[in-house]
Amino acid sequence: MRKKVIAGNWKMNMLPNETIEYIENFSKLVKDTKNEVILCVPYTDLFYALMSAQDTNVKIGAQNMHFEEKGAYTGEVSAQMLKAIGVEYVIIGHSERRQYFNETDETVNKKVKAAFENELKPIVCVGETLEQREAGETEKIITTQTKLALEGLTNEQVKNVIIAYEPIWAIGTGKTATSEDANNSIKAIRNEIKNIYGEDVSENVIIQYGGSVKSSNAKELFETSDIDGGLVGGASLKSDEFAKIVNV
Ligand code: PGA
């Protein structure tokens with residue numbers, strides 16, 4: 001049985017004092033959950049989040065990283081740097097990064113490899129645009145993105161990847177994919193992984209749904225056969241609401 005992994009993606013929100021206050025409240029609310037709980041926070045909040053989450057079951061992740069270990073890349077942060085302060089997870093290839101910051105399938109793949117080299121667990125995002133969906137290309141787009149993101153990884157590494165299926169038209173729009181639709185897309189991703197890495201890997205890999213997840217729709221989504229939790233943006237900014245999703 002795969003466990004549920006619920007990750008919050010704060011995006012470019014929250015200051016250090018808000019982070020500390022949030023985690024103080026949130027960690028109490030989710031202390032009894034069997035689900036894995038992750039907060040992916042801005043770089044400037046990481047240290048405060050790690051301190052506040054000590055001795056709790058809340059894990060901390062970053063939202064991006066560079067694939068090089070070090071060097072002349074002004075403004076960038078490497079996997080090694082994240083690992084050194086105790087970060088455990090990192091979101092890679094979020095659609096906002098693909099859309100606004102030139103992230104490609106190739107850089108996503110390089111980052112996933114660099115994350116594993118530094119013992120960080122990658123949360124790899126894939127998802128189709130509305131146009132691609134309307135053209136009937138959803139399955140092709142998301143299976144190709146998955147294949148390219150994981151290229152060159154060992155079976156053991158792929159087993160430890162978290163994939164977040166996030167249809168771009170559902171992100172921040174209030175529109176959620178129906179649970180049946182989201183489950184079918186996630187099944188297609190799992191099947192692609194089975195074809196390349198075998199059933200043992202595909203049955204173990206965690207695949208989340210993301211896109212306007214909230215406490216009112218989380219139960220229905222998470223109850224499906226293949227959705228192993230969620231990557232939650234807007235609804236993770238309020239600790240009470242996010243705790244409801246984790247405890248659903
Ligand atoms: P949303 O964002 O929950 O606000 O739609 C999800 C995400 O972008 O990860």
Side-chain angles (χ1 to χ4, degrees), residues 4-14 18-19 22 26 30 35-43 45-46 49 58-65 87-103 108 111-112 115 121-130 132-133 138 141-142 145-146 149 161-179 181-183 185-186 189 206-222 224 227-248:
K4 301 272 186 248
V5 180
I6 324 283
N9 173 13
W10 284 0
K11 309 193 179 185
M12 197 171 73
N13 293 290
M14 306 286 266
E18 296 168 319
T19 301
Y22 180 114
F26 179 69
V30 300
N35 300 333
E36 188 143 323
V37 192
I38 308 164
L39 286 174
C40 297
V41 309
Y43 291 135
D45 293 329
L46 281 172
V58 179
K59 309 274 173 59
I60 303 301
Q63 300 172 8
N64 180 39
M65 49 167 260
V87 171
E88 287 182 69
Y89 294 84
V90 59
I91 298 175
I92 293 177
H94 190 279
S95 61
E96 286 151 17
R97 297 217 57 88
R98 293 183 193 249
Q99 194 179 345
Y100 308 131
F101 303 100
N102 299 324
E103 193 84 79
V108 168
K111 289 181 180 191
V112 171
K121 286 193 195 161
I123 302 174
V124 182
C125 302
V126 300
E128 81 285 2
T129 64
L130 187 58
Q132 290 165 337
R133 183 175 194 86
T138 298
I141 295 290
I142 61 179
Q145 284 177 338
T146 303
V161 166
I162 296 171
I163 294 171
Y165 166 60
E166 299 203 305
I168 295 170
W169 49 270
I171 294 178
T173 58
K175 285 187 206 144
T176 324
T178 64
S179 53
D181 248 14
N183 195 44
S185 293
I186 286 177
I189 294 169
I206 299 289
I207 311 181
Q208 302 171 316
Y209 167 78
S212 300
V213 174
K214 37 191 182 280
S215 59
S216 56
N217 60 23
K219 186 165 191 284
E220 194 189 329
L221 288 160
F222 299 169
T224 56
I227 302 179
D228 305 322
L231 182 58
V232 185
S236 73
L237 290 173
K238 294 251 167 359
S239 55
D240 293 7
E241 168 68 4
F242 191 41
K244 274 191 207 158
I245 296 173
V246 170
N247 293 325
V248 71

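Start at 1 and go down the list; that is how both ligands and their atoms are numbered. Hydrogens, waters and symmetry mates play no part in the numbers below; they use all other heavy atoms, side chains included. In this chain, numbering begins with 1 at the start of the sequence shown.
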Enquirer: Should the heavy atoms of other residues, nucleotides or ligands under 6.0 Å from CD of Q132 be counted, would the total exceed 12?
Expert: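 It does: Q132 CD has more than 12 such atoms within range.
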Enquirer: In Å, rounded to the nearest 0.5 Å, how long is the span from CD of Q145 to CD1 of I189?
Expert: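 Taking CD in Q145 and CD1 in I189, the distance rounds to 8.5 Å.
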Enquirer: How would you list, by chain and number, every residue that makes a salt bridge (charged side-chain N to carboxylate O under 4.0 Å, His left out) with K219, sequence neighbours excluded?
Expert: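 K219: salt bridge (charged side-chain N to carboxylate O under 4.0 Å, His left out) contacts with E223.
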Enquirer: Should the ring pair F26 and F242 be called parallel, tilted or perpendicular, given that the plane angle runs from 0 to 90° and is split at 30 and 60?
Expert: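 Rings of F26 and F242: parallel, as their planes differ by under 30°.
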Enquirer: Judged by modelled atom types alone, do E166 and H94 share a side-chain donor-acceptor pair under 3.5 Å?
Expert: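 Distance-only check passes for E166 and H94.
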Enquirer: Applying a heavy-atom distance cut-off of 4.0 Å, which protein residues contact ligand 1?
Expert: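 Its neighbours under 4.0 Å (heavy atoms only) are N9, K11, H94, E166, A170, I171, G172, G211, S212, L231, V232, G233, G234, given by chain and number.
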Enquirer: If I compare all heavy atoms of S212 with all of A170, which pair ends up nearest, and what's the gap?
Expert: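 Taking S212 first and A170 second, the nearest heavy atoms are OG-O, 2.7 Å.
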